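Working notes, structure below.
All ligand and atom numbering here is 1-based and tracks the order in the structure. The shown structure was predicted, so the numbers you read here are calculated from the model rather than taken from an experiment.
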Amino acid sequence: MSKMVINGERVAAQDGRTLDVLSPVDGEVFETLPRGQAADVDLAVRAARDALGGEWGRLSALERGRLLLRLGEKVLAHHEELSRIESRDTGKPISTARADITVLARYFEFYGGAADKVHGQTIPFQQNYSVQLVREPLGVTAHIIPWNYPAQMFGRSVAPALAMGNAAVVKPAEDACLSILRVAELALEVGFPPGALNIVTGLGEEAGAALSRHPGINFITFTGSNEVGVLIQQAAAVNAVKCVLELGGKSAHIVFDDARAELAIPAIVKGIVHNTGQTCTAGSRLLVQKGIYPRFMEALAQEFSKVRAGTPDMDLTCGPVVNRAQFERVNRYIAKGLADGMKVVAEGRIADGVPSGGYFVKPTLFSAASHDSDLFTQEIFGPVLVSVPFEDEAEAIRLANATDYGLLGAVWTENGGRQQRVARGIQCGQVYINGFGAGGGVELPFGGVKKSGHGREKGFIALEEMSTTKTIIQYYGA
Ligand code: NAP
Ligand code: MG
């Protein structure tokens, strides 16, 4: 059985209860996890609070940075082991898992290097006053992590928090805890003091809810569904703590008639099938200018029909989706697309020989005459791309913004003025011009607008999100 990490110890749940871990590849149980409850969360929050007042809290920024850098090295030293764990737990093709573990190490490297480079300010004020603005940790930070990129999101969330001197309590998703638990053990091995980084496993509505409501936390960061995001923000409100929410997207590619199709097509396919479409930043809508629509869709269909789904070891483009609920959800959306009269332009294939109990879905490319279907506005979280033609720049921007989400966007054109106008016209947190990247981009500030959430992660900006300022005003006499 896997163990949680609380106060530097590997522990079971206090009441001894466990959860089964099912393999996405065949639906069979292959591991068990502690089913942490409010009492376990409470222990973890106390351990984090004690760490702030103890050895962890006394470390300098340089020393915290060194620990993070060492953890980055340790992750690289265990790269293959962690990749195998991640792939087994989530069903990711092994190459995808390897790329994710590289990004995980990169978070520790980036924020390890940044820890001692966050400077305060001095502020000119009245005569004979000295005013300093110093950055301080928030305190105990709570991190609720989704299952789609467990290792990456763990790094993205805890590395800046630890760099700034917070003590973290993490609740991974019940479907994807194993890589996170292993990295927390590695953190102890490289010398993180007890309580600096705690992991409580369990169910969202038990351990997750208890963590988000705990009066001892000072901040929450959450990535996941809108429904749970609202609960998190309500819990944060009760304790008057700040929260950062990343609630997914319905990001659009806008392809103009002068676009370089040879660049756009592979990026568009990858942007929706990578990680089997279970990516908040997936490019899940495709808007193509009318004049090139038939030709472009034909070329795209050729590329899309090469997509293959298989087991992690087959290492094809897609794996299975993570669990039965996702499997049913994606298939429901595909059926809805057909019922809404959308045309299937291309399908990928599920490889021969995958186990029959596995959660494999068929990658599907749809085309529609209008943008009316739910498939254009709701997050599917699977390898399903919906396409529609548009007339001109104004219509493209209007359609791109015709969803409650606002996470990413992409514009494909060689016209410089249009690149800027469209990039500025799309309501979202990141826009690509003639490219598209999901995942990675550790250096690039990231987050949503509208119902995609608020707050920013990645880059230097995360260090500001995960800290606070104190203004020290000193009168030094005439
Ligand atoms: P979810 O329920 O929002 O799960 C996200 C995280 O929140 C998990 O760690 C989950 O734990 C935890 N959680 C669940 N209920 C909670 C509660 N009441 N209080 C505190 N924490 C709680 O998402 P899901 O059900 O796994 O997936 C549903 C849909 O959400 C997906 O189809 C997708 O559209 C979206 N989603 C988006 C992202 C993203 O990257 N933005 C990631 C994942 C899912 P447990 O998993 O243990 O319940
Ligand atoms: Mg859930």
Side-chain angles (χ1 to χ4, degrees), residues 4 19-22 24 33-38 41 89-90 100 142-154 156-157 169-178 180 199-214 217 220-236 238 243-251 274-282 284 321-333 359 361 374-375 377-384 403-408 429 438-439 446-448 451-455 457-458:
M4 307 192 279
L19 285 173
D20 286 338
V21 183
L22 304 176
L33 286 171
R35 180 168 168 178
Q37 304 288 331
V41 168
D89 205 14
T90 60
D100 286 7
H143 307 255
I144 298 179
I145 314 278
W147 43 259
N148 53 341
Y149 291 89
Q152 272 203 42
M153 300 242 189
F154 171 74
R156 164 174 126 189
S157 185
V169 180
V170 178
K171 209 304 276 178
E174 68 204 68
D175 287 309
C177 297
L178 301 178
I180 293 174
I199 320 289
V200 182
T201 58
L203 299 178
E205 52 274 31
E206 295 176 354
L211 178 58
S212 64
R213 285 202 293 259
H214 198 291
I217 62 168
I220 313 177
T221 152
F222 169 83
T223 300
S225 62
N226 283 71
E227 296 71 25
V228 178
V230 169
L231 298 178
I232 299 293
Q233 186 149 354
Q234 286 168 340
V238 171
C243 65
V244 167
L245 300 179
E246 201 265 89
L247 307 179
K250 193 70 189 176
S251 303
H274 185 71
N275 210 42
T276 319
Q278 304 168 116
T279 307
C280 47
T281 53
S284 51
V321 294
V322 75
N323 59 25
R324 174 152 293 277
Q326 280 303 122
F327 176 76
E328 286 166 0
R329 175 193 176 101
V330 176
N331 283 319
R332 209 165 46 238
Y333 273 110
Y359 309 130
V361 298
D374 285 348
L375 272 71
T377 50
Q378 296 176 9
E379 185 174 52
I380 300 172
F381 233 56
V384 180
T403 142
D404 288 340
Y405 288 108
L407 198 57
L408 251 68
F446 170 77
K451 295 243 164 68
S452 288
H454 51 73
E457 298 185 278
K458 302 188 172 182

Going by the atom numbers of ligand 1, which of them fall below 4.0 Å from some non-hydrogen atom of I232? 20 (C)
Donor-acceptor pair, K171 side chain versus A209 backbone, under 3.5 Å? no
Answer yes or no for D175: is there a heavy-atom contact with ligand 1 below 4.0 Å? no
Looking at Y405, is K451 sitting on its ring face, NZ or CZ under 6.0 Å from the six-membered ring centre and within 45 degrees of the normal? no
Considering the heavy atoms of T223, write down every atom of ligand 1 situated less than 4.0 Å from one of them. 5 (C), 39 (C), 40 (O), 41 (N)
When you measure from the side chain of Q233 to the backbone of A235, do you find a donor-acceptor pair of N or O atoms at a distance under 3.5 Å? no
What residue among I180, D100, T223 forms side-chain contact (heavy atoms from CB on, under 4.5 Å) with M153? T223
I145 neighbourhood, listing ligand 1 atoms whose heavy-atom distance to it stays under 4.0 Å: 6 (C), 8 (C), 9 (O)
Just which atoms of ligand 1 are under 4.0 Å from any heavy atom in R329? 32 (O), 34 (O)
Taking a cutoff of less than 4.0 Å between a non-hydrogen atom of the residue and any ligand atom, is G202 in contact with ligand 1? yes
Ligand-side contact atoms (ligand 1) for residue partner Q326, heavy atom cut-off under 4.0 Å: 31 (C), 32 (O)
Does L211 reach the side chain of H143, with side-chain heavy atoms less than 4.5 Å apart? no
Evaluate the criterion salt bridge (Lys or Arg N to Asp or Glu O under 4.0 Å) for residue pair E328 and R324; output intermediate values, then yes/no. CA-CA 6 Å; E328 286 166 0; R324 174 152 293 277; 3.5 Å; yes
Suppose I only count heavy atoms of C280 and a 4.0 Å limit; which atoms of ligand 1 are within that range? 39 (C), 40 (O), 41 (N)
With a cut-off of 4.0 Å, which atoms of ligand 1 are near a heavy atom of A209? 19 (N), 20 (C)
Using a strict 4.0 Å cut-off to heavy atoms of P146, name the atoms of ligand 1 that fall inside it. 42 (C), 43 (C)
Polar side-chain atom of N323 near backbone of A325 as donor-acceptor pair, under 3.5 Å: yes
E246 vs R156, test: salt bridge (Lys or Arg N to Asp or Glu O under 4.0 Å). Steps then yes/no. CA-CA 12 Å; E246 201 265 89; R156 164 174 126 189; 3.0 Å; yes
Minimum distance, heavy atoms only, to atom 20 (C) of ligand 1: which one of A325, G249, G208 is it? G208
With side-chain contact (heavy atoms from CB on, under 4.5 Å) as the test, pick out the partner of R35 among D20, L19, T201. L19
Indicate yes or no: does an N/O atom of G248 lie under 3.5 Å from an N/O atom of ligand 1? yes
Can an N or O of E379 be found at a distance shorter than 3.5 Å from an N or O of ligand 1? yes
Using a plain distance cutoff, I'd like to know if G204 has any nitrogen or oxygen under 3.5 Å from a nitrogen or oxygen of ligand 1. yes
Do the two ring centres, one from W147 and one from F154, sit under 6.0 Å apart? no
Closest to atom 27 (O) of ligand 1 among F222, F381, W147, Y405 (heavy-atom distance): W147
